[in-house]
Amino acid sequence: MSGRRDEESLPEEEKRSRPHPKDAPERLPAAIRRSLPQAAWWVVCASLAVLFLYPLYVMISHSLKAPNEASAGPPTLYPHDLSLEHYRALSGDGGIDILANIGNSLVVSLGTTLATVVLGTLGGYGFARLRFPGSNALFFAALVTFMIPFQALITPLYLLLDHLGLLNSLLGLTLVYTTFQLPFGLFLMRNSFAAVPRSLEEAARLDGCGILQTLIRVMLPVALPGVIATGLLAFFTAWNEFFAALILITEQERFTLPVSLSVIASGALGSVNWGILQAGVTVTIVPCLIIYLLLQKYYVGGLLGTMVGK
């Protein structure tokens, strides 16, 4: 009771200047609660960055080591002597010309990308805008083919390509990749065009544009993110695909890059040259990273744009 009387006897100004007993302990915890989520978010992001970037660092650093250091065990954390010897050796190692294999992968990947984008754009625009009897059923049938496991059809495809004279051919491999990329490309492009307001198309028609002119001049610039997303998915899949290239290509000079790297990794040349292998993997990954980083906003925008399609 005496403590309460002493408190009441204090001047009014001193009472206002003294912090309330309940306020003092709240200030620090409130600041911690405000800063902890942001700090925890940065810790999580930094941990994920290290988790994903560390294998890339190991791969690139190993490819830049001198041959003796690259084959030493246990492996060193960083190259003591920087060397480009493994990248020079990509042009020929035990009869394998990886630079030629890179050219084969580029031919197949770019051909698959071009065919998928052109056919997917034309087909997607037709399914989105040109309604005809059975269009929905035909579109559903195209999507069903995307659900069939690729490995289940490799034997019929092998026999078909052999009958057409396209076995062990980069053109045949490109056609196979396009066949399995096209259904998803149709899905992306159909939804991309369905998200475009019909008023734009109607305005183009009033100006005298035909169907093809409307598609090229009006619809494609608006649906560009979907086109880029379709092209990137087709390119990445064809660039990294291994199983079909291993089965359908039998001559070493026509191998794609993943098949050629598997030959080195399996020790088919007498031993596993880890430096050349890591240099080849670096050459495989770096172009994909550069293309993705340059076109990332279009890629993400194209995938998100398909969610609002009708």
Side-chain angles (χ1 to χ4, degrees), residues 18-66 69-84 86-87 105 109 113 181 184 187-188 191-192 195 224-242 257-258 261-262 264-265 272-309:
R18 294 181 59 183
H20 193 276
K22 295 182 179 180
D23 293 338
E26 286 293 330
R27 293 181 180 179
L28 185 58
I32 294 177
R33 286 198 300 270
R34 287 194 299 268
S35 61
L36 183 58
Q38 184 177 5
W41 173 253
W42 280 105
V43 170
V44 171
C45 290
S47 301
L48 290 176
V50 171
L51 179 65
F52 286 103
L53 293 179
Y54 181 72
L56 295 177
Y57 164 76
V58 172
M59 173 189 67
I60 296 174
S61 65
H62 205 81
S63 67
L64 294 175
K65 295 177 182 178
E69 185 180 2
S71 59
T76 55
L77 185 60
Y78 60 91
H80 294 82
D81 295 319
L82 291 177
S83 173
L84 298 177
H86 296 132
Y87 290 95
S105 291
S109 301
T113 302
Q181 289 301 306
F184 193 62
F187 173 76
L188 287 179
N191 287 358
S192 296
L224 184 61
V227 176
I228 294 179
T230 302
L232 286 180
L233 287 173
F235 180 85
F236 292 156
T237 302
W239 179 264
N240 296 298
E241 206 282 329
F242 167 75
L257 186 56
L261 293 178
S262 71
I264 298 177
V272 179
N273 191 322
W274 294 106
I276 293 181
L277 178 61
Q278 297 295 344
V281 174
T282 302
V283 172
T284 303
I285 293 178
V286 168
C288 296
L289 288 177
I290 294 176
I291 293 174
Y292 175 77
L293 292 176
L294 291 177
L295 302 176
Q296 179 182 9
K297 63 177 182 179
Y298 299 103
Y299 177 76
V300 176
L303 293 180
L304 294 177
T306 61
M307 297 180 183
V308 299

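None of the values given here were measured: they were computed from a predicted structure.
Panel note: side chain W239, backbone S105; no donor-acceptor pair is recorded below 3.5 Å. For the pair S83 (side chain) and A66 (backbone), a donor-acceptor distance under 3.5 Å is absent.
By the side-chain hydrogen bond (donor to acceptor under 3.5 Å, both in side chains) test, S63 pairs with Y87, sequence neighbours left out. Residues forming a side-chain hydrogen bond (donor to acceptor under 3.5 Å, both in side chains) with E241 (at least two apart in sequence, or on another chain): Y177. Residues that satisfy the side-chain contact (heavy atoms from CB on, under 4.5 Å) test with L294, not counting sequence neighbours, are I290. Among residues two or more places apart in sequence or in another chain, the side-chain contact (heavy atoms from CB on, under 4.5 Å) test is passed with T113 by V117, A234, F235.
Considering all non-hydrogen atoms of both residues, N240 and C288 come closest at ND2-SG, 4.3 Å. Taking both residues in full, the closest heavy atoms of V283 and P287 are given as O-CD, 2.8 Å, listed atom of the first, atom of the second, then distance. Minimum interatomic distance between G280 and L257 (heavy atoms only, all atoms of both residues): O-CD2, 4.3 Å.
Expressed to the nearest 0.5 Å, how far NZ of K65 lies from CG of L82 amounts to 11.0 Å.
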Could you pull out all donor-acceptor pairs under 3.5 Å where a side-chain atom in residues 42-58 meets a protein atom, sequence neighbours excluded?
from: S47; atom 1: OG; to: V43; atom 2: O; distance (Å): 2.8
from: Y57; atom 1: OH; to: L77; atom 2: O; distance (Å): 3.0

For the pair L233 and L188, evaluate side-chain contact (heavy atoms from CB on, under 4.5 Å) and give the outcome as yes or no after the intermediate values. CA-CA 11 Å; L233 287 173; L188 287 179; 3.6 Å; yes
